[in-house]
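Working notes for the structure below.
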Amino acid sequence: MDNMKLAELLFPHITKSPEEYEDIFPVRELPEGARVTRMAPSPTGFIHLGNLFSAFADERLAHQSGGVFYLRIEDTDDKRYVEGAVETIVNVLDYFQINFDEGAGITGDKGDYGPYHQSQRAELYQTFVKKMVQNGQAYPCFLTEEELSDIRAQQEAIKANPGIYGKWAVSRDLTLEQIEENLKAGKPYVMRLKSKGQDLPPEEMKTITVNDAIRGDITMPENNMDLVILKATGIPTYHFAHVIDDHFMRTTHVVRGEEWLSSLPLHVELFETMGWPHPVYCHTAHLMKIDETGNKRKLSKRKDPELSLDYYRRDGYHPMAVREYLLNILNSNFEEWRIANPDAPIDEFQFTAEKMSNSGALFDLNKLSDVCKDVLVKIPAAELCQFMIDWAKEFRPEILPLFEGNEAYIEQILDLGRTGNKPRKDLVCAVQIFDFIKYFFDDHFVIENELPENVSKEDAKAILETYLAGYDHNDDQSVWFDKIRTFGAEMGYAAKPKDFKKNPDMYKGHVGDVSTVVRLAVTGRSQSPDIWGIQQILGEERTIERVKAYAAQF
RNA sequence: GGCCCCAUGGUCAAGUGGUUAAGACAUCGCCCUUUCACGGCGGUAACCCGGGUUCGAACCCCGGUGGGGUCACCA
């Protein structure tokens with residue numbers, strides 16, 4: 001077989017030499033130890049938590065080392081393309097404050113290593129396939145779908161591994177004449193790697209060992225499959241594009257999910273075939289969840305709404321909080337660092353691939369809430385208010401007017417109990433915040449809870465009327481509360497809860513019960529921040545109105 | 001099924017041959033307190049199983065079991 005002739009026959013239009021590309025895409029000039037990473041999504045426009053999780057790792061790795069983080073679109077599968085996908089990807093990541101230095105962008109590609117859409121790189125890929133043909137490392141395969149499934153059936157019958165390898169790789173033996181004939185007949189074909197791996201029983205297979213930055217040494221049988229590198233369309237498969245692109249975009253670290261582990265031997269063989277070193281691989285564990293049957297399982301796009309990033313945006317989880325949570329599960333020592341450095345900017349934490357977990361973390365909404373509370377308590381009210389406005393604009397336009405134009409009022413509300421050295425940590429996400437403060441808006445104010453069991457309706461009415469009679473909006477907090485204590489005591493409620501606890505038979509209840517009645521009148525619920533503070537924000541008129549209205553119910 | 005990855009409390013996890021087996025979340029109790037939070041103190045709770053190596057194993061080796069992944073002209 002004349003490989004040179006075959007190469008010309010297959011790729012007459014390829015005229016550039018492989019060496020030229022080394023000059024077009026020179027090794028990057030970066031500081032020592034700088035890392036070049038990438039996010040390489042397929043353009044379905046759907047970005048989920050797992051994508052964000054590894055994008056975050058990529059971004060940290062690059063930006064902590066003075067390197068480059070870029071976006072490459074893996075659009076080798078035309079069926080998957082969704083209009084506006086790049087825009088979605090960039091916007092979503094931007095929301096979580098993850099920014100690209102180069103690569104595909106909303107207004108076009110940016111950077112010297114492009115194009116950053118794989119669909120635009122056909123010539124590059126084909127140049128190297130041509131080279132492989134010349135070296136006898138790749139060959140055309142004309143097998144039809146039927147023939148392929150026939151081979152599979154035969155393999156199943158004798159319990160052989162499925163795939164094109166060893167003696168099953170029949171197209172390896174095609175003569176130049178046969179190929180020429182097929183070509184003339186216009187038969188579609190793919191290009192396959194001519195694997196050097198041998199078809200041996202598993203225990204006799206040669207092995208390869210790769211040092212994974214997360215998992216350490218991984219030993220696997222070498223690849224022996226003649227996998228497709230160029231589809232019939234002339235566009236490469238993921239495997240081949242990965243090798244070419246990450247070489248020429250000079251990627252140093254590839255962070256990807258563990259589902260790629262099984263194709264690692266193929267990628268290693270491809271890099272070896274090309275004569276290039278492979279990048280450092282970081283295979284991350286999948287995010288898991290407990291399903292209905294109590295089993296751990298991979299989070300699935302279809303079934304688990306919490307995997308969708310929209311879910312967090314819709315519920316209004318603050319990007320800072322999501323970042324913080326993600327870092328929690330990304331690097332196990334982050335939490336310790338955060339406790340030691342409560343106020344340090346998150347970017348000061350030194351992220352390392354080595355500290356990434358190699359078992360699948362269960363997604364924990366509880367923990368996320370806790371992280372949110374800690375993060376939000378540090379965000380100034382004005383900023384939170386703006387956050388609520390932005391969120392409402394997109395997801396709850398009907399409540400937007402409550403916020404927009406009322407910033408001063410909202411900020412007072414958000415800061416209720418948050419000042420001082422023991423600030424309340426009540427705020428989790430926008431949906432919850434709105435629910436938490438909605439009694440401040442007359443249209444959303446309703447009585448939600450029942451009277452305490454120690455308080456009769458008659459007493460409730462009396463409490464409210466007495467409260468109203470002695471109400472002075474200008475009282476300071478202690479005067480205000482003393483009044484409640486005093487008339488409560490006169491009505492048979494212990495002035496101190498402890499007294500009631502000691503002698504429950506001597507009292508109807510305690511001052512807490514009395515204040516709860518007031519609380520119900522003012523907020524509609526039995527639990528809230530400090531009533532006095534709420535009344536100050538509400539104003540005298542609305543406070544009195546609410547107390548009157550509630551008293552009228554009894 | 002072949003191959004690969006993984007395995008410490010309910011969850012996330014420290015831990016790399018000798019530890020009272022950290023810490024965080026959740027949970028429970030107490031304290032603080034006008035409710036709820038916040039905060040403080042304390043409690044319950046773990047090395048998947050079986051062999052080996054060793055004076056000694058959560059840790060090393062082998063074999064199970066369980067969970068996950070993968071076996072496409074998808075990525």
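Just the heavy atoms: all of them, side chains too, but no hydrogens, waters or symmetry mates, feed the values below. Each chain gets a letter, A, B and so on, in the order its sequence line appears, and its residues count up from 1.
Here the options are A:I164, A:I229, A:L230, the test is side chain to side chain contact (heavy atoms under 4.5 Å, CB included), and the partner is A:R192; only A:I164 passes.
Taking A:H253 as the reference, nothing meets the ring pair (Phe, Tyr, Trp, His ring centres under 6.0 Å) condition, with sequence neighbours excluded. With sequence neighbours excluded, no residue satisfies salt bridge (charged side-chain N to carboxylate O under 4.0 Å, His left out) with A:R519.
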Show me the protein contacts with nucleotides 3-5 of chain B, counting only N or O atoms at under 3.5 Å.
{"residue": "B:C5", "atom": "O2'", "partner": "A:R215", "partner atom": "NH1", "Å": "2.3"}

Parsed dot-bracket for RNA chain B after applying the Watson-Crick and G-U rules with both distances under 3.5 Å and | for other-strand partners is ((((((((.[[[..)..(....]]].(((((.......)))))....[[[[[..)....]]]]])))))))....

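Residues A:Y493 and A:Y507 place their aromatic rings such that the two centres sit no closer than 6.0 Å. For A:H267 and A:H278, the ring centers are positioned 6.0 Å apart or more.
Residue pairs meeting the salt bridge (charged side-chain N to carboxylate O under 4.0 Å, His left out) criterion with at least one partner in residues 418-432 of chain A, sequence neighbours excluded, are A:D374-A:K425, A:D415-A:R418, A:R424-A:D426.
The closest side-chain donor-acceptor pair between A:Y116 and A:D245, if any, does not fall under 3.5 angstrom.
Taking atom CZ of A:F142 as the reference point, atom C1' of B:C73 lies 14 Å away to the nearest angstrom. For the pair A:M205 CE and B:G2 P, the computed distance is 15 Å after rounding to whole Å.
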Within the 4.0 Å limit for protein heavy atoms, which parts of nucleotides 34-45 of chain B are touched? Write it as a string from 5' to 3', B for base, S for sugar-phosphate only, - for none. BBBBBS------

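Among the heavy atoms of the strands lying under 4.0 Å from A:V228 are primed sugar atoms or P, OP1, OP2 only; no base atom is included.
Comparing B:U65 with B:U27, their C1' atoms sit 30 Å apart, to the nearest whole Å.
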